[in-house]
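In listed order, ligands and their atoms are each counted from 1.
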Amino acid sequence: MSDKDRILIFDTTMRDGEQSPGASMTHKEKLDLAEILEAMGVDIIEAGFPNSSQGDFEAVSEIARRSKSATICGLSRATEKDIQRCGDAVRHAARPRIHTFISTSPVHMKHKLQMGPNAVLEAVGHSVSFARNLVDDVEWSPEDATRTEFDFLCKCIDAAITSGATTINVPDTVGYMHPEEYGALIRSLRETIPNSDKVIWSTHCHNDLGLAVANSIAGAQNGARQIECTINGLGERAGNAALEEVVMAFKVRGDSLPFETGIDTTRLARASQMVSRITGFPVQYNKAIVGKNAFAHESGIHQDGMLKNTETYEIMKPEDVGVSKSSLVMGKLSGRNAFRDKLKMLGYELDPDSLNEAFRRFKDLADKKKHVFDDDILALVDDQLSAMGERVAFRSLRVIAGSEGPQTADLKVLVDGEEKTASCQGNGPVDAVFNAIRAIVDHKAKLDLFQVHAVTGGTDAQAEVSVRLNGEGVMAVGRASDPDTLVASAKAYIHALNKLEARRLKRLAA
Ligand SMILES: [Zn+2]
């Protein structure tokens, strides 16, 4: 038995994370992400806000149905309708949880709820009992807890516990706290409220001052045993506590932080890449744990030290978080079996047809690019999987670019299996390519974001392009990679368009 206290990891990437502007995820992307989170050992997955949309309801229901070990949680406001809908979505899970909340701070009660303290207190008891009649596992949150008057906060939490809440979450909704203060709040709540030892205390810290992780750890040091967090720290405004940072802080500093989590840390890098790809939000290069430079040693003095002993400058190993050292992997001569083994190692099991197609794409890429790295293969397979069954499919592109205009794009695509072509000019080659897509597939969506990254180093590196389209409030992020930046741009735009179309149809159906 370990002498460390177990901290439950509650991931809210799909709920709080998805709420951040532009970070929307499709149904399929949520299912894939839930699978990765569960395999990684996340204890509780907050899969969405079932009463906020039909899409969220369906995603939470299906994630619940597919779940094996993780608790699947949905968020709901304090109304019966919200809670019922949430219960209907999570009830298929092996371990269902309803997370219900109401605002308790003076400013929120007055301006957001237009309710007085007594009405709020009554709603707390009622909502928690109602939820408890649907499931055994109920979490309750006082929204904006850290700006709530202490005595009133205690009364509300007491009411929630008396009505059957099993987890009490203390959100720093506006990201205002500093660690000592937040830790002290958790401690005094636990000391003041009767039966506080009958529930699990939880942190939910926002990162407006860059203190979300520090505050969460202070919460644990003062008795919290659940930490709410997100992959890459995604979340409203400046985001939430980053799951990977919380987990690695406990792992690396177990000497003075006597806590452990159930997370398999070697899966952190992959989860981070996946969330970044899905949302189109790049991971900052110097981001702790999962940034591109987190384990890079550039200066001569550091490199010299590292060669003699890696502990000189490294407090953890890249392998600990799933960054493989030997990233040089394959080339033109690599065979099918080696390729299949590589995919397996990267976490993919493809059916024979998909494997054939992936291998064909890999050979294609190896013809253009001497060294094919793990990241190239990940990008290639992700592209292939995301393009499956789409209405519009890329076929070919020829572009005239350079200083002697006009820049022109000749594009060929399949729309519902039928070949269509367009030749368009534009203000630069990317504009010409996007104009050609618009000429073939008429649509009103606006381009919100266009960004290009190199998948690996070198001038022959693949370009990974993210495109975000905004179609009257419905967002979709498309991404694609190719050694040719313009081809990647065309594919990414088409990918976004397909996703937007799928969402529009779903909306119509609902
Ligand atoms: Zn939040």
Side-chain angles (χ1 to χ4, degrees), residues 8-25 30 33 37 42-53 56 59-60 71-78 82 86 97-105 107-109 111-113 127 139-148 153 156-157 160 165 167-179 181-182 185-186 200-220 224 226-246 275 279 281:
L8 298 170
I9 294 295
F10 176 114
D11 179 277
T12 183
T13 309
M14 282 184 272
R15 205 277 301 160
D16 207 315
E18 210 214 6
Q19 248 165 270
S20 54
S24 61
M25 304 175 195
K30 286 185 182 176
L33 181 56
L37 294 174
V42 165
D43 299 287
I44 302 109
I45 298 172
E46 187 163 62
F49 194 158
N51 201 31
S52 68
S53 70
D56 252 38
V60 177
T71 295
I72 305 301
C73 172
L75 184 70
S76 69
R77 282 164 296 203
D82 246 55
C86 184
R97 173 182 294 189
I98 293 176
H99 178 191
T100 180
F101 74 98
I102 194 165
S103 292
T104 50
S105 68
V107 57
H108 274 220
M109 289 194 291
H111 299 289
K112 188 180 154 179
L113 299 175
S127 57
E139 171 170 338
W140 183 73
S141 290
E143 190 185 4
D144 205 13
T146 53
R147 291 193 303 176
T148 298
L153 185 59
C156 290
I157 293 176
T167 298
I168 296 293
N169 182 42
V170 184
D172 185 19
T173 307
V174 291
Y176 180 70
M177 292 270 110
H178 64 71
E181 204 178 18
Y182 186 73
L185 174 64
I186 297 279
I200 290 176
W201 290 80
S202 165
T203 68
H204 181 105
C205 298
H206 275 270
N207 205 32
D208 298 68
L209 293 173
L211 294 171
V213 170
N215 287 342
S216 306
I217 291 173
Q226 171 178 291
I227 293 181
E228 302 199 357
C229 46
T230 58
I231 303 286
N232 296 340
L234 206 67
E236 293 218 69
R237 307 185 308 279
N240 261 85
L243 181 147
E244 60 279 3
E245 294 177 22
V246 169
V275 167
T279 56
F281 282 29

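- Of the inter-residue distances, the one linking Asp43 atom CG with Ile9 atom CD1 reads 7.0 Å to the nearest 0.5 angstrom.
- Excluding waters, the protein N/O/S atoms found under 2.8 Å from the Zn ion (ligand 1) are Asp16 OD2, His204 NE2, His206 NE2.
- When only modelled atom types and interatomic distance are considered, Asp82 and Ser76 share no side-chain donor-acceptor pair under 3.5 Å.
- Using modelled atom types, one finds no donor on one side chain facing an acceptor on the other under 3.5 Å when comparing Thr230 with Asn240.
- In this structure, Ser103 and Leu113 approach most closely via the heavy-atom pair O-CD1, 3.5 Å.
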Determine whether Thr146 and Leu185 satisfy the following criterion, side chain to side chain contact (heavy atoms under 4.5 Å, CB included), listing intermediate values before the conclusion.
CA-CA 8 Å; Thr146 53; Leu185 174 64; 4.0 Å; yes
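- Every residue meeting the side-chain hydrogen bond (donor to acceptor under 3.5 Å, both in side chains) condition with Glu46, not counting sequence neighbours, appears here in chain and number order: Thr12, Arg15, His99.
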